[in-house]
Amino acid sequence: FDVDLMPETLKRTNLAMLKVGDKINLEPSLRLNDELGGHFVLGHIDGIGLVKSIKNNELWITAPAELRKFIAFKGCIAVNGVSLTVSSARGKVFKVSLIPYTLRHTNLGALQPGAKVNLEIDMVARYLEKISHG
């Protein structure tokens with residue numbers, strides 16, 4: 001299938017770096033009548049993170065400075081479109097733990113240190129920031 005990419009998408013994501021044959025993660029949008037049972041992410045990428053290390057199914061990512069205040073322990077974040085729980089957040093880096101299913105069925109299992117990943121912050125954090133700072 002074909003997709004169109006807006007300049008804003010290319011500016012905020014790693015999609016311009018993709019090559020033919022690279023895998024991406026696609027997930028259908030939530031419908032109004034769907035049950036809410038997961039994380040509050042929308043598919044709107046906020047920035048690019050850098051994979052620092054991968055060990056024991058744990059992925060450590062360096063987050064851009066402007067997103068760090070939104071990343072909280074036990075909060076949610078989407079990495080390459082996969083909604084995950086933050087299992088540690090320290091300074092510039094945060095950690096997510098990956099279950100075997102996620103490693104097998106998404107492109108996260110193929111990541112290597114130095115890879116650039118798309119990050120989407122928690123929707124609630126985004127709106128709380130807007131409310132508190134106008």
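The shown structure was predicted, so the numbers you read here are calculated from the model rather than taken from an experiment. Counting from 1, the numbers follow the sequence of the chain as shown.
The two atoms that bring Arg68 and Thr62 nearest to each other are NH2-CG2, 4.5 Å, heavy atoms only. Listed here is the closest heavy atom pair of Met17 and Asp22: O-OD2, 4.4 Å. Taking every heavy atom of both residues into account, Phe70 and Ala125 meet most closely at CE2-O, 3.6 Å. Looking at every heavy atom in both residues, Val93 comes nearest to Lys52 through CG1-CD, 3.8 Å.
To the nearest 0.5 Å, atoms CG (Leu50) and NZ (Lys116) are separated by 7.5 Å. For the atom pair CE of Met123 and CG of Leu128, the computed distance is 10.0 Å after rounding to the nearest 0.5 Å. Taking CD1 of Ile99 as the start and NE2 of His105 as the end, the distance is 10.5 Å to the nearest 0.5 Å.
Side chains of Glu129 and Ile121 form no contact here, defined as non-hydrogen atoms less than 4.5 Å apart. Here the side chains of Leu119 and Val79 are in contact, with some heavy-atom distance below 4.5 Å. Contact check for Leu15 versus Ile45: no side-chain heavy atoms found under the 4.5 Å cut-off.
Listed for the Thr106 side chain is no donor-acceptor partner under 3.5 Å among the backbone atoms of Leu103. A donor-acceptor pair under 3.5 Å is formed between the side chain of Ser87 and the backbone N or O of Lys95. Using modelled atom types, one side-chain atom of Asn80 and one backbone atom of Asn118 make a donor-acceptor pair closer than 3.5 Å. With Asn57 contributing its side chain and Pro100 its backbone, the two residues share no donor-acceptor pair below 3.5 Å. When atom types are taken as modelled, the side chain of Asp122 and the backbone of Val124 share a donor-acceptor pair closer than 3.5 angstrom. Listed for the Asn25 side chain is no donor-acceptor partner under 3.5 Å among the backbone atoms of Gly81.
In the hydrophobic clustering of ILVMFWY residues, with side-chain heavy atoms under 4.5 Å counting as a link, Leu67 and Leu59 come out together. Under the 4.5 Å side-chain contact rule for hydrophobic residues, Ile71 and Leu84 share a cluster. A continuous path of hydrophobic side-chain contacts links Ile54 to Ile61 [ILVMFWY only; heavy atoms under 4.5 Å]. Val51 is connected to Val86 through a chain of hydrophobic side-chain contacts under 4.5 Å among Ile, Leu, Val, Met, Phe, Trp and Tyr, so both are in one cluster. If you chain together hydrophobic residues whose side chains sit under 4.5 Å apart, Leu108 and Val96 fall into the same group.
In the displayed structure, Asn33 atom CG is contacted under 6.0 Å by more than 12 heavy atoms of other residues, nucleotides or ligands.
Electrostatic pairing of Glu8 and Lys11 counts as a salt bridge here, judged by a charged N lying under 4.0 Å from a carboxylate O.
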